[in-house]
Amino acid sequence: MEEKESLFTENDSETKEKDFDESVSEEAENAFEDEEVSELSDDKDEDFTEEKEGENFDCENDSEDEDKSETVVFGYTENVSEEKSEEKKEENPFIKIEESSEYKKLEKEYKEYRQKKVLSHIDALILPNMSQNDIKQEFAEVVRAEKGSVCVLPQTLKQAKKELPQIIKVSVLINYPFAGSEKSTVFAEIKTAARAKANSAVVCMNLSSFLSGNSKIIDKDLKALKKFGSKIKVVPLFPAQGLSLEQASKLAALVKVNMITRVGIALDPLAPNVDKAADVIKIFYNVLGEQCPVDAYGSICSAEAAETLFNADADRVVTAEYRALSRQKLDGVEVK
């Protein structure tokens with residue numbers, strides 16, 4: 001019994017030892033697994049912590065970058081605003097130049113030069129309906145312009161030569177206003193103008209036969225005027241009223257054939273039509289070119305009307321409203 005008990009006991013101890021060993025091994029394995037789990041969890045925590053710290057670092061960097069970018073942006077804005085404020089504080093040099101007294105003086109002188117240049121292409125036309133006071137005022141206005149000239153009737157020629165300085169050119173308007181004067185009368189007045197040393201004789205031409213389709217008479221008249229070329233310059237003056245554009249082209253061709261060196265186109269005295277005259281002048285200029293300048297005659301009283309005629313290639317404007325026209329702003333008008 002004792003042996004059995006000892007056997008039992010031994011077996012029981014062995015069993016207990018075995019159970020103990022197994023429990024120890026299980027606990028060791030569990031402990032090892034727990035350590036691995038804890039290590040894994042620690043690793044994960046460390047990774048998470050590192051990631052978190054990295055994210056925090058990145059966020060801090062991003063926030064710093066954003067702060068920097070914002071600083072750059074706001075700094076740029078501040079710089080721009082500072083530059084603008086500095087620009088406002090500092091005067092614009094161009095504005096300063098334009099406001100300077102020297103610039104204003106030069107600008108004024110240039111405008112005066114431009115005004116005088118245009119006026120040098122504008123002549124005063126003295127008509128029969130003008131009083132002596134009107135004539136004297138027109139003469140005074142031409143003298144003030146320094147480079148002007150006058151176109152007078154035969155009965156005013158002597159007065160013009162006496163009262164005007166030699167620098168002012170004087171021409172004589174003959175056969176006005178397109179009346180059917182005898183050729184002998186026209187020729188006699190041309191000779192008188194030549195003896196009085198007028199610069200030119202402007203002869204009003206009658207176009208009634210030409211408008212009816214007979215161009216021979218006007219061709220003959222042009223040839224007769226050409227003969228006075230050695231004594232005085234003769235300028236044929238044609239009325240724009242009644243001329244079609246085709247007729248104007250044919251008339252210009254006759255002028256070219258007879259080698260006339262200057263012509264005039266007159267506006268209707270009763271109803272001046274500036275646009276009509278400009279159309280005729282343009283056709284004459286296209287046919288004749290610069291070898292035969294074309295002048296505009298009539299009651300031209302506005303800067304707009306003068307500009308229209310000059311834009312149509314008129315070389316000169318001869319107006320019965322010289323005083324009114326010369327006192328307008330003409331420095332923007334282009335002349336040849």
Side-chain angles (χ1 to χ4, degrees), residues 114-130 134 138 141-142 145 147-153 171 173 175-179 200 202-208 210-211 235-252 255 260 262-290 292-336:
R114 291 282 305 169
Q115 183 84 1
K116 287 182 178 180
K117 183 179 179 181
V118 177
L119 286 176
S120 68
H121 286 257
I122 298 176
D123 302 336
L125 179 60
I126 308 300
L127 296 179
N129 59 345
M130 292 183 179
D134 291 335
E138 291 290 304
E141 199 72 27
V142 172
K147 294 183 179 180
S149 59
V150 297
C151 182
V152 300
L153 296 169
S171 58
L173 183 63
N175 200 27
Y176 179 84
F178 304 104
S200 60
V202 182
V203 181
C204 300
M205 307 297 291
N206 193 323
L207 293 181
S208 56
F210 176 79
L211 295 175
V235 179
L237 180 61
F238 304 108
Q241 195 67 24
L243 272 176
S244 67
L245 299 182
E246 184 180 356
Q247 289 171 330
S249 181
K250 289 180 180 179
L251 186 58
V255 170
I260 303 296
R262 196 174 200 97
V263 296
I265 302 298
L267 283 72
D268 191 335
L270 300 176
N273 189 331
V274 175
D275 293 333
K276 172 67 176 179
D279 291 340
V280 174
I281 289 169
K282 191 68 177 178
I283 289 173
F284 267 72
Y285 180 81
N286 291 339
V287 174
L288 301 174
E290 296 182 356
C292 182
V294 185
D295 303 329
Y297 286 74
S299 296
I300 303 153
C301 59
S302 70
E304 292 78 13
E307 186 173 13
T308 299
L309 296 167
F310 282 125
N311 288 343
D313 292 313
D315 185 66
R316 306 187 71 79
V317 167
V318 188
T319 175
E321 302 288 346
Y322 185 86
R323 274 181 298 165
L325 183 57
S326 64
R327 293 176 183 178
Q328 295 187 39
K329 185 180 178 181
L330 301 169
D331 54 279
V333 178
E334 293 295 330
V335 294
K336 295 181 181 178

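Only heavy atoms go into these numbers, but all of them, side chains included; no hydrogens, no water, no symmetry mates. Quick caveat: nothing in here was measured; it's all calculated off a predicted structure.
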- [ ] Using the test salt bridge (charged side-chain N to carboxylate O under 4.0 Å, His left out), find all partners of R316 that sit at least two apart in sequence or belong to another chain.
- [x] D123
Task: Stepwise side chain to side chain contact (heavy atoms under 4.5 Å, CB included) test for L251 and L207 - done: CA-CA 10 Å; L251 186 58; L207 293 181; 4.0 Å; yes
Does a side-chain heavy-atom distance below 4.5 Å link [X] with [Y]?
X    : Y    : value
C301 : T319 : no
L153 : L127 : no
D315 : R262 : yes
V274 : I300 : no
I260 : P236 : yes

TODO: Indicate the ring-plane relationship of F238 and F284, choosing parallel, tilted or perpendicular according to the 30° and 60° boundaries.
DONE: tilted
Please report the closest heavy-atom contact between [X] and [Y], naming both atoms and the distance.
X    : Y    : result
A277 : I265 : O-CG2, 4.3 Å
K329 : Q115 : C-OE1, 3.9 Å
I281 : A296 : CD1-CB, 3.7 Å
L267 : G298 : CB-CA, 4.5 Å
G264 : Y297 : CA-CE1, 4.0 Å
V280 : A248 : CG1-CB, 4.2 Å

- [ ] Could you tell me whether K117 and E334 make a salt bridge, using a distance below 4.0 angstrom between a side-chain N and a carboxylate O?
- [x] no
Could you measure the distance from the [atom1] atom of [X] to the [atom2] atom of [Y]? Nearest 0.5 Å is fine.
X    : Y    : atom1 : atom2 : answer
H121 : D295 : NE2   : CG    : 10.5 Å
N311 : E304 : CG    : CD    : 11.5 Å
K282 : D313 : NZ    : CG    : 4.0 Å
I283 : L245 : CD1   : CG    : 4.0 Å

Task: Residues, nucleotides or ligands: over 12 heavy atoms within 6.0 Å of K250 NZ - done: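 No, not enclosed.
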TODO: Step by step, work out the salt bridge (Lys or Arg N to Asp or Glu O under 4.0 Å) result for D268 and K276.
DONE: CA-CA 10 Å; D268 191 335; K276 172 67 176 179; over 6 Å; no
Task: Verdict with reasoning, Y322 to V150, per side chain to side chain contact (heavy atoms under 4.5 Å, CB included) - done: CA-CA 10 Å; Y322 185 86; V150 297; over 6 Å; no
Task: Test log, rule side chain to side chain contact (heavy atoms under 4.5 Å, CB included), inputs I122 and S326 - done: CA-CA 8 Å; I122 298 176; S326 64; over 6 Å; no
Open item on the list: Applying the side-chain contact (heavy atoms from CB on, under 4.5 Å) criterion to L173, which one of V318, L237, V152 satisfies it?
Closed with: L237
- [ ] Carefully, step by step, assess E138 and V142 under the rule side chain to side chain contact (heavy atoms under 4.5 Å, CB included).
- [x] CA-CA 6 Å; E138 291 290 304; V142 172; 5.5 Å; no
